[in-house]
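So you know, we letter chains A, B, ... as the sequences are listed, proteins then strands, and number each from 1.
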2 protein chains.
Amino acid sequence: MESKTDQFRKYLKRFVELTDLEWQSLEKDFRTVPKKQYLVKQGQTAKELYFLLEGSARLYYEKDGDEKTTYFFFENNLVGDYLGCLAGQPSTMSIQALEDCKLIAFKYETLTTLYEQFPVYQIFGRKLAEYLFMGLDMRLAELLTLTPEERYLKFISTSIKRKILERIPQQYIASYLGITPVSLSRIRRRIADS
Amino acid sequence: MESKTDQFRKYLKRFVELTDLEWQSLEKDFRTVPKKQYLVKQGQTAKELYFLLEGSARLYYEKDGDEKTTYFFFENNLVGDYLGCLAGQPSTMSIQALEDCKLIAFKYETLTTLYEQFPVYQIFGRKLAEYLFMGLDMRLAELLTLTPEERYLKFISTSIKRKILERIPQQYIASYLGITPVSLSRIRRRIADS
DNA sequence: TAAAATTCTTTACATAAGTTAATAAATCAG
DNA sequence: CTGATTTATTAACTTATGTAAAGAATTTTA
């Protein structure tokens, strides 16, 4: 039977192969965060990162009273304010559970300590940053080169994202695409009519 | 007197401290690229990265016949298709010299070899990726949370960026901000009138 | 310096998006 | 199951942006 931590260890294999000692050196802490509660709060300095075992979350910025959702997180992925951890600055955004979440927490500081202790973690740190960079780079290119309608079509064109559609309120998807919920509703109608 | 390579070495000190051996192990190649020529061409697989000694460049995507500029590069910074190097895929964008450029080229493969040879390069690789990630993350947040006018005001509010304004055609700044040159012109007028 | 090329601004018009508010639909909680 | 809450759609209106084209200003270069 696969334990919870195995899920996380398996995820790390995308990046590096860890020995048992290396794997155990990363102190892990189980958490549950109920729907609508926060993993990261704006203004507070994030000290830990999470591996999402179950559930989903959204990252949003607050602006003029309303919220701009810019990212989603799903099971079997890392969650957290990576930028905040890197910069050591208070978070400029919040991360809220969209569904009940089960997660594994680990201190960012523990990770940086492991960078020095084990070369393989240094490699992990690099590959993780590279992986996150790639994601953002492609996202940015899409935002700057595609129209809102094109972005929506691209968004729903992957089967993974279709699952997202069923689990996530459309208002959040709208701001992920850089538009208002009303506008997304119109785009959907426009597409349905054609 | 400071030599050309010293400029590059100094830049690297942001990330790591290199011994002479480590520094010399990175094979460097001087290049000049005249204005309007290309450092990276869409469709070709980028194999090297550059350190810009003098001049400036823009990164752009081609879409429906016209160009979307999404990034600028200036002296004393790295240039190149980092994503393309990471992914080993053909570039989806081009990088064009906006002014005559003097640069130091180094093979991405050499860098990855050095990751294995010298731990300090592994650290450099991590910190570089983290640094680039941070830049993209902040940029993305700005694009998704600010209006075009707010983005322009933010853009010109930093003294560094004001220099950019004087060296870079506004049409490119427009698409950097995610709008058309016409729209930028109107925003500028709106601000001037108020 | 003058002609050519490029860049910027402006105008007019069409289109899409934002805003507000009302209604419909779906989801949640007691 | 039903009332309450949240979410999605629609409508009406305003505003900003895109597009195309013309003219002005600037820069390039021969």
Practice task
Nearest whole angstrom, please: distance from the P of C:dT27 to the CD of A:Glu99.
Solution key: 13 Å
Exercise for the section: Provide, to the nearest angstrom, the distance between the CD atom belonging to A:Glu150 and the P atom belonging to C:dT15. Expected result: 17 Å
Problem - Parallel, tilted or perpendicular: rings of B:Tyr121 and B:Phe118 (30°, 60°) - result: tilted
Problem - Cation-pi check, A:Arg58 onto A:Tyr172 ring (under 6.0 Å, within 45° of axis) - result: yes
Problem - B:Phe106 atom CZ: more than 12 heavy-atom contacts under 6.0 Å - result: yes
Problem - Any side-chain heavy-atom pair of A:Glu150 and A:Leu153 under 4.5 Å - result: no
Practice task
Tell me, please, which residues at least two apart from B:Phe133 pass ring pair (Phe, Tyr, Trp, His ring centres under 6.0 Å).
Solution key: A:Tyr82
Exercise for the section: Rounded to the nearest angstrom, tell me the gap between atom CD1 in B:Ile173 and atom P in C:dT9. Expected result: 11 Å
Exercise for the section: Please state whether the phosphate of D:dT6, meaning OP1 or OP2, lies under 4.0 angstrom from any side-chain nitrogen or oxygen of A:Gln171. Expected result: no
Practice task
Please report, rounded to the nearest Å, how far the C1' atom of C:dA24 is from the CD atom of A:Gln170.
Solution key: 14 Å
Handout entry: Whether over 12 other heavy atoms sit under 6.0 Å from B:Lys102 NZ
Key = no
Exercise for the section: Answer yes or no: does a side-chain N or O of B:Arg188 lie under 4.0 Å from OP1 or OP2 of C:dC8? Expected result: no
Completion exercise
With sugar-phosphate taken as primed atoms, P, OP1 and OP2 and all else as base, the protein-contact string of nucleotides 16-30 of chain D at under 4.0 Å (heavy atoms; B, S, -) is -BBBB-------S--
Practice task
Send over the distance from A:Leu98 CG to D:dT6 C1', rounded to a whole Å.
Solution key: 14 Å
Exercise for the section: Take the protein atom CG of A:Asp64 and the nucleotide atom P of C:dT20, then report the distance between them rounded to whole Å. Expected result: 11 Å
Fill in the blank from the handout: To the nearest angstrom, the CD-P distance between B:Glu67 and C:dT7 comes to 10 Å
Handout entry: Gap between atoms CG and P, on A:Leu177 and D:dA8 respectively (whole Å)
Key = 13 Å
